[in-house]
Amino acid sequence: QVQLVESGGGLVQAGGSLRLSCAASGRTFSSYHMGWFRQAPGKEREFIATINWNGGSSVYADSVKGRFAISRDNTKNTVHLQMNSLKPEDTAVYYCAAGESWGTRGEFYDYWGQGTQVTVSS
């Protein structure tokens with residue numbers, strides 16, 4: 001079992017930055033691939049970024065490539081999402097997820113956090 005708790009969301013102006021964190025419980029964090037997803041009101045959940053178990057590989061959605069960066073610290077059981085050059089269309093609830101399979105689809109992930117709200121004003 002893995003429990004995930006996101007933090008770092010908030011209100012920011014367009015062009016600004018935020019750093020989301022996801023703290024994981026459990027002793028097997030390093031064995032899970034980690035992902036970030038988001039869901040805006042009235043829209044489907046959207047893949048944002050994923051990082052493999054040792055941090056050696058990452059994949060980004062085209063919509064955030066070059067602006068967002070995912071990282072992890074297996075010594076601290078945390079994964080981060082650095083978000084730069086934020087746009088109003090980045091407004092959503094952001095979720096971190098952990099899975100034993102690696103991929104960009106939500107069904108690859110077994111555990112989900114409760115989400116953190118990110119609001120970007122124009």
Side-chain angles (χ1 to χ4, degrees):
Q1 280 277 4
V2 176
Q3 292 186 326
L4 304 172
V5 179
E6 301 97 335
S7 61
L11 174 64
V12 64
Q13 288 188 334
S17 298
L18 281 175
R19 187 179 190 231
L20 304 184
S21 297
C22 175
S25 65
R27 299 170 59 185
T28 59
F29 173 76
S30 60
S31 65
Y32 289 94
H33 309 298
M34 301 297 297
W36 284 96
F37 293 77
R38 68 187 181 189
Q39 188 166 21
K43 295 188 177 181
E44 293 187 353
R45 183 178 61 197
E46 176 188 14
F47 163 77
I48 296 301
T50 183
I51 190 165
N52 75 331
W53 68 275
N54 67 358
S57 296
S58 58
V59 177
Y60 296 91
D62 288 342
S63 59
V64 305
K65 201 172 293 183
R67 300 189 297 124
F68 290 11
I70 189 171
S71 62
R72 67 187 296 162
D73 185 342
N74 286 347
T75 66
K76 298 181 179 179
N77 285 11
T78 56
V79 62
H80 302 286
L81 185 68
Q82 178 66 43
M83 305 187 297
N84 299 325
S85 302
L86 283 162
K87 305 174 182 180
E89 51 263 44
D90 294 318
T91 295
V93 177
Y94 283 70
Y95 299 91
C96 72
E100 295 183 348
S101 299
W102 195 43
T104 61
R105 297 201 306 268
E107 49 262 47
F108 284 113
Y109 296 87
D110 307 299
Y111 304 100
W112 295 81
Q114 83 289 348
T116 185
Q117 176 71 46
V118 172
T119 303
V120 184
S121 63
S122 57

Q: Under 4.5 Å between any side-chain heavy atoms of Glu89 and Ser63, yes or no?
A: no
Q: What heavy-atom pair brings Ala24 and Phe29 nearest, and what distance separates the two atoms?
A: CB-CD1, 3.3 Å
Q: Taking all non-hydrogen atoms of both residues into account, name the closest pair between Leu18 and Leu86 and its distance.
A: N-CD1, 3.8 Å
Q: If you measure from CD on Glu6 to CD on Gln114, what distance do you get to the nearest 0.5 Å?
A: 4.5 Å
Q: Quick one: pull up CD1 in Ile48 and CD in Gln39 and give me the separation to the nearest 0.5 Å.
A: 11.5 Å
Q: Under a 4.5 Å side-chain heavy-atom rule over Ile, Leu, Val, Met, Phe, Trp and Tyr, are Tyr111 and Tyr94 clustered together?
A: yes
Q: Taking only residues two or more places apart in sequence, or in another chain, which ones meet Arg72 in a salt bridge (Lys or Arg N to Asp or Glu O under 4.0 Å)?
A: none
Q: Measure the CD-NE2 distance between Glu100 and His33 for me, rounded to the nearest 0.5 Å.
A: 8.5 Å
Q: With no hydrogens and no angle check, is any side-chain donor or acceptor of Ser57 less than 3.5 Å from a backbone partner on Asn52?
A: no
Q: Return yes if some donor-acceptor pair links the side-chain N/O of Gln82 with the main-chain N/O of Arg19 below 3.5 Å, else return no.
A: no
Q: Check for a donor-acceptor pair, side chain of Thr78 on one end and backbone N or O of Ala23 on the other, with a separation under 3.5 Å.
A: no
Q: What's the spacing between Ser31 OG and Asn74 CG if we round to 0.5 Å?
A: 9.0 Å
Q: Keeping the roles fixed (side chain from Thr50, backbone from Met34), state whether a donor-acceptor pair exists under 3.5 Å.
A: yes
Q: Would you call Met83 and Val118 a side-chain contact if the rule is heavy atoms closer than 4.5 Å?
A: yes
Q: Give, for atom OG of Ser30 and atom CG of Asn77, the distance between the pair rounded to the nearest 0.5 Å.
A: 7.5 Å
Q: Please check if the number of heavy atoms outside Glu107 that lie under 6.0 Å from its CD is greater than 12.
A: yes
Q: Quick check: closest heavy atoms across Ala14 and Ser122, and the distance to 0.1 Å?
A: CB-CA, 4.4 Å
Q: Kindly compute the distance separating CG (Asn84) from CZ (Phe68), expressed to the nearest 0.5 Å.
A: 8.5 Å
Q: So that I can tick it off, tell me whether Lys65 and Asp62 are bridged by a salt bridge, with the cut-off set at under 4.0 angstrom between side-chain N and carboxylate O.
A: yes
Q: Test question: given the 4.5 Å side-chain rule for I, L, V, M, F, W and Y, name all other residues clustered with Tyr95, or answer none.
A: Phe37, Phe47, Val59, Val93, Trp102, Phe108, Tyr109, Trp112
